[in-house]
Amino acid sequence: MSIEFYSRLPLHGETQFIPGDNRNRGDWNRSPAESTGAVSQFEIGDDFTYIDYLSQVARAAEINGFAGALLVNAPFGDEPWIASALLARETKRLRFVDAFHPGHFSPWQATQMAASFQRGSGGRLVWNIIQGGSDAMQNALGDTLPHDERYERAIEFLDVVKGFWANESFHYAGRFYQANGMGLRGPLRKAKIPLICSAGASPAAKRLAAKHSDYYLMLAEDPEVVASHIADVRALAREHGREDQIRFGLSVDVIVRETDEAAFAEAKRIFEEGVRAGTVQMTAARSAQMSETNQSRYRRYNDRAVNGFGDLFIAPNLWGGFGYVGIPPGFAFVGGYQSVIRKIRAFADLGISMFFINGYPHLEEIYRLGEHVLPHFRSPRQTQAETLQAVPLVHGIAEANAA
């Protein structure tokens, strides 16, 4: 089974220290004028803004062999579709995994926008269908549907989108949506429908994935829990005749260095800064606003006494410290290059073929992964082609050695 790696674009600020620390890059800190680099100050005509930094991260991911990049839809961050449309013209092959709420778009609007993006980018759009992390946040955004009904709406949403994509005149009568003869026509019909990803550990989320998703995405955690989610979704997909079609992805951060000791030292720094800044208490308070499944996940790993960063390893080189100090997605592979390679292979053995993997700052960690980890997962054909194309850096060395 081949593995694809996806990076992430930090749409709501770049973190090297604890979020909110003014030493971080971009203008998402409490005092933007004191932060480092890529601060948008249009009133004085700056030539470089935060989108320029995102462009640098996107091109670094492409250069280092990542298949694409995830754009998280945080309420207080830049909007993924707008950002990816800007960046698509600055990259060549990178796919953009745009997270969006179906409730924020009509099915036709999403279909037309996606078809246009595909035409302009050469088919590089991937959808990550999300439903919101909590009822409180959704209510604040004007979406008052209960948790499970949001997933039912998403199922209908994708029913209609797929209908519009496959038919010039599509008809549909559902609880949330109706269609009366609309569909893609002309050149838009040539566009390929985006790959569809979705996530969520609830039964409702798994039903959505089973019917519509090309990839069911999970957060990294105890491998036994990940395996159980895969088994559940495969069983549900079987009911739709899709057991062999659906694939699985994992979102995990990474702290990768030359040795385990160097990686652990960085994890210890992040943990201790979070404790000093009080982010542990803030994260615990926010957990009460999470969805029921996310609250359960938080209690499973964080609702216990922690005396040091080492107490947050739930398995060798699998660390929950990011979640403890409030940095999503929560878990990270922490270790030397070979240790991280082994963790990737262990999760791949569970059935994972797509890894959303990155660290902080994104730019530097992309290069570490691209130079020391991703080459170990290239196909034999890629490796053979690179070997055939290799040439001596100085002419005459190969001939002299051969003699």
Side-chain angles (χ1 to χ4, degrees), residues 3-17 19 23-28 35-40 46-72 74 77-99 121-122 124-126 128 249-258 262-263 266 270 322 327-329 332-337 340-341 344 354-378 382-383 386:
I3 296 174
E4 284 192 320
F5 292 93
Y6 284 70
S7 184
R8 180 182 59 227
L9 298 181
L11 295 192
H12 51 289
E14 176 64 276
T15 301
Q16 179 176 5
F17 302 95
R23 292 171 291 178
N24 293 325
R25 295 168 188 157
D27 49 7
W28 296 96
S35 68
T36 58
V39 178
S40 303
D46 276 359
D47 291 330
F48 299 100
T49 66
Y50 193 66
I51 194 69
D52 295 297
Y53 177 68
L54 293 178
S55 173
Q56 190 177 20
V57 175
R59 285 181 287 183
E62 189 169 58
I63 288 168
N64 281 281
F66 287 84
L70 174 68
L71 290 82
V72 176
D78 281 314
E79 201 283 321
W81 279 31
I82 297 296
S84 61
L86 292 168
L87 296 172
R89 304 298 286 181
E90 299 193 32
T91 52
K92 297 179 180 179
R93 297 180 301 277
L94 196 74
R95 299 175 191 164
F96 296 92
V97 186
D98 288 355
S121 69
R124 292 189 281 144
L125 178 63
V126 180
N128 181 22
L250 192 79
S251 181
V252 60
D253 273 335
V254 64
I255 300 175
V256 62
R257 299 292 187 271
E258 189 171 351
E266 177 66 1
I270 291 169
F322 278 133
I327 302 176
F333 296 154
V334 179
Y337 304 134
V340 169
I341 290 166
I344 293 171
M354 175 189 279
F355 284 84
F356 291 92
I357 185 167
N358 214 110
Y360 304 94
H362 288 67
L363 187 63
E364 285 85 340
E365 212 72 17
I366 282 171
Y367 272 97
R368 289 192 187 98
L369 288 164
E371 292 170 356
H372 301 288
V373 175
L374 268 60
H376 293 267
F377 297 91
R378 290 179 183 152
Q382 287 176 299
T383 304
E386 290 169 359

Test ring pair (Phe, Tyr, Trp, His ring centres under 6.0 Å) applied to Phe333 - qualifying residues, sequence neighbours left out
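Partners of Phe333 by the ring pair (Phe, Tyr, Trp, His ring centres under 6.0 Å) criterion, ordered by chain and then number, come out as Phe347.
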Could you measure the distance from the [atom1] atom of [X] to the [atom2] atom of [Y]? Nearest 0.5 Å is fine.
X	Y	atom1	atom2	value
His376	Ile3	NE2	CD1	13.0 Å
Tyr50	Leu11	OH	CG	7.5 Å
Asp27	Glu14	CG	CD	12.5 Å
Ser7	Leu369	OG	CG	8.0 Å
Leu363	Tyr53	CG	OH	5.0 Å

Leu125 side chain reached by Asp98 side chain, heavy atoms, under 4.5 Å:
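With C-beta onward as the side chain, the pair touches.
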Side chain to side chain contact (heavy atoms under 4.5 Å, CB included) partner of Leu71, the single match among Leu54, Asp78, Leu9
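Checked Leu54, Asp78, Leu9 against Leu71; only one passes side chain to side chain contact (heavy atoms under 4.5 Å, CB included): Leu9.
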Taking all non-hydrogen atoms of both residues, which atom of [X] and which atom of [Y] are closest, and how far apart?
X	Y	result
Arg25	Pro361	NH1-CB, 3.4 Å
Asp253	Pro329	OD2-CD, 3.2 Å
Tyr360	Arg8	OH-NH2, 3.3 Å

Start with the C-alpha distance between Asn64 and Phe5, add both sets of side-chain angles, then the distance that settles side-chain contact (heavy atoms from CB on, under 4.5 Å), and finish with yes or no.
CA-CA 10 Å; Asn64 281 281; Phe5 292 93; over 6 Å; no
Return all side-chain donor-acceptor pairs below 3.5 angstrom for residues 86-94, not counting sequence neighbours, or 'none' if the list is empty.
{"residue": "Arg89", "atom": "NH1", "partner": "Gly120", "partner atom": "O", "Å": "3.1"}
{"residue": "Glu90", "atom": "OE1", "partner": "Ser55", "partner atom": "OG", "Å": "2.5"}
{"residue": "Thr91", "atom": "OG1", "partner": "Leu87", "partner atom": "O", "Å": "3.1"}
{"residue": "Thr91", "atom": "OG1", "partner": "Arg124", "partner atom": "NH1", "Å": "2.9"}

With Glu365, which residues qualify under side chain to side chain contact (heavy atoms under 4.5 Å, CB included), at least two apart?
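Glu365 satisfies side chain to side chain contact (heavy atoms under 4.5 Å, CB included) with Val254, Val256, Arg257, Asn358, Arg368 only.
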Should the ring pair Tyr337 and His372 be called parallel, tilted or perpendicular, given that the plane angle runs from 0 to 90° and is split at 30 and 60?
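Parallel: the ring planes of Tyr337 and His372 meet at under 30°.
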Reference residue Tyr6; test ring pair (Phe, Tyr, Trp, His ring centres under 6.0 Å); the match among Phe356, Phe355, Phe66, Phe96:
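It is Phe356, the one option of Phe356, Phe355, Phe66, Phe96 that forms the ring pair (Phe, Tyr, Trp, His ring centres under 6.0 Å) with Tyr6.
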For the pair Val334 and Glu266, evaluate side-chain contact (heavy atoms from CB on, under 4.5 Å) and give the outcome as yes or no after the intermediate values.
CA-CA 9 Å; Val334 179; Glu266 177 66 1; over 6 Å; no
Taking atom CD of Glu258 as the centre, report whether more than 12 heavy atoms of other residues, nucleotides or ligands fall under 6.0 Å from it.
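Atom CD in Glu258 is not packed in, count stays at 12 or less.
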